[in-house]
Protein chains: 2
Amino acid sequence: MRAVVLHAPGDVRVENIADPTIVEPTDAIIRVTAACICGSDLWPYRGYEDVNGPTPMGHEYIGIVEQVGDAVRDIEVGDYVVGSFVASDNSCEICRAGFQSRCIHQVMMGSVGTQSEYARIPLADGTLVKVPGEPTEEQARSLLAASDVLGTGWFAAVAAEAGPGKTVAVVGDGAVGLLAILAAQRLGAERIIAMSRHADRQALARTFGATDIVTERGEAGIAKIKELTGGYGAHSTVEAVGTQESMLQAIGATRPGGHVGYVGVSHGVELNGLDLFFATVSLLGGPAPVRRFLPELVELIMTDQINPGVVFDLTLPIEDAAKGYAAMDERRATKVLLTL
Amino acid sequence: MRAVVLHAPGDVRVENIADPTIVEPTDAIIRVTAACICGSDLWPYRGYEDVNGPTPMGHEYIGIVEQVGDAVRDIEVGDYVVGSFVASDNSCEICRAGFQSRCIHQVMMGSVGTQSEYARIPLADGTLVKVPGEPTEEQARSLLAASDVLGTGWFAAVAAEAGPGKTVAVVGDGAVGLLAILAAQRLGAERIIAMSRHADRQALARTFGATDIVTERGEAGIAKIKELTGGYGAHSTVEAVGTQESMLQAIGATRPGGHVGYVGVSHGVELNGLDLFFATVSLLGGPAPVRRFLPELVELIMTDQINPGVVFDLTLPIEDAAKGYAAMDERRATKVLLTL
């Protein structure tokens, strides 16, 4: 099958690799109908993470079930499905508490690869959510967003305890940050402050529900958030970048007793214990348990209540994946959809 | 008046200093009936915090109101009162959200000093809680514990979301850790694991409700907690020490999706962002908003439902304060009460 393979930083190719097969009886094989490129795919692409030999890429996917293992009970051949970037049994104590991304049997889909014609989905019954009916093209794009960036932004907003009466600040204007704005709006936040310097992303942020835009960063950004909140800081802050600056900006923008939901994969972040102590904020983050939210998100998408698929601003056939990586790397695209 | 004054690390003296006076119209002056030495007083005593000239010590207190400023409305001369180690207006948005220790008008009582015959209490109406009736000697000891160590342990247990069905691990067997056990028990925790190597403290931990004792530390301690919890880790962990080792032990002992409440004043703690990301636990800590809990704690104490005052294992007249500091420094005492 055709698949996107990273050979070295900056060197992404589309080539033939072996079709996936059922390995465990709990596996399913899906025919991927669309995949996409994630901000976190850029870390190895940019050389910030090691590339150990040719690596099949991708961890977001929607598709149609082609084959199931003997132990699969709930998912059937022909089902239109979406899953998250972490395969999970959805039955262990961690899953049942809503943290499927840290399931005791978790399999990171990035280690499997989904930017390809077919993909093996471990723990199919726990991982996959069946889509009712046939999605329109627009719904399909939104379902693909749900697979990671929407689910991750949603988790960040929930972790930050966005809700009625709350002022929510969002650090990061990539797809996850933008969709955290949509999530905060759906969760009933009173005020949503997007921290962004890009006109196109500011516009999308407003579409998703942002009430204010702050262009300042770092200490100046924190000061601006405090100015907008009577000196207190935001109740809820989403961190969707993963750098030291963004993390300190998120913590600093949050009032004591407030909540920071951080979902940017940390790169070089070190938090000083005493500063954190006196910040007196709740911190919750990590790989988002997207599976927790998927049934609700699928419902919202299939009833056209949300349209997160608009974050895809570049659509390319999988053969042009390298162009997609370059466009995201150079910030010419927010989020790239790959058609198959 | 007589007061405890730290001149240099290890050099604590009891000497005459000026009586406090009303400075702000919101102040009260109390006659301190008992004070105590806190684990955090040991940081400057041990030279881990700078001592800039002679410093009046102490931030825990119970006493009787002697004088009130013109703007004080709710507190009256003659009231028997208890307050926390942070003076707060109890009316700003941060206070109303239950984080009085980070009140926008906060005054750290450590900057005022309470190991003395009299003390000035800023923001008296917001800070002080009136005790109904006259406490017995045993109740007075417990009220003094409520002023900091009980309130801090209680916050830690609440921040860790201790409650029914939860397994709670407690790192640190000082007064705060021990009283976090009492709090977890009152909050309905199913299982409470005390991490302690000291027989006398283990015994007190059992008295307060600990169901298990773990003597291992660090990685071995984490492994033991996981072994006791089906491989998952604790739902809720209290950190009541403040060192790098204790903080990593607390985070490591907690299952993904679990909660860490940390109240040990951080000394040299640095948290790696990526490790924290993949730990996927909620972190909440800082100076405890004891004022949030004081009304409830006073009620529990005055109706003899809890007896946290038993953590005081050495009682000395204030003139012997130096002996008290030495006893705590050398771990011959868990918590020292100073009589006046």
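Letters A, B, ... are given to chains in the order of the sequence lines, protein chains preceding strands, and every chain is numbered from 1.
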Chain A contact via B:Ala279 - which portion, at a heavy-atom distance below 4.5 Å: backbone
Is chain B contacted by the side chain of A:Ile94, its backbone, both, or neither, given a heavy-atom distance below 4.5 Å? both
Can you confirm whether more than 12 heavy atoms, excluding those of A:His105, are under 6.0 Å from its NE2 atom? no
Take B:Leu284 and A:Leu284, measure what side-chain contact (heavy atoms from CB on, under 4.5 Å) needs, and give me the verdict at the end. CA-CA 9 Å; B:Leu284 172 58; A:Leu284 172 59; over 6 Å; no
Closest non-hydrogen atom pair, B:Tyr232 against A:Glu93: OH-N, 3.3 Å
Nearest heavy-atom contact between B:Phe277 and A:Val263 is CE1-O, 3.6 Å
Main-chain N/O of A:Phe278 paired to B:Arg102 side chain as donor or acceptor, under 3.5 Å: yes
Would you mind telling me which of B:Gly233, B:Ala97, B:Gly264 has the largest number of heavy-atom pairs within less than 4.5 Å of chain A? B:Gly264
Taking side chain as C-beta onward, heavy atoms only, is A:Glu270 less than 4.5 Å from B:Asn272? yes
For B:Cys103, is it the side chain, the backbone, both, or neither that has a heavy atom closer than 4.5 Å to a heavy atom of chain A? neither
Which bit of B:Phe99 is near chain A, if near means a heavy-atom gap under 4.5 Å: side chain, backbone, both or neither? side chain
What option among B:Thr280, B:Val269, B:Asp275, B:Ile104 has the most heavy-atom pairs under 4.5 Å with chain A? B:Thr280
Return the minimal non-hydrogen interatomic distance between A:Leu274 and B:Ser266, and the atom names on each side. CD1-O, 3.2 Å
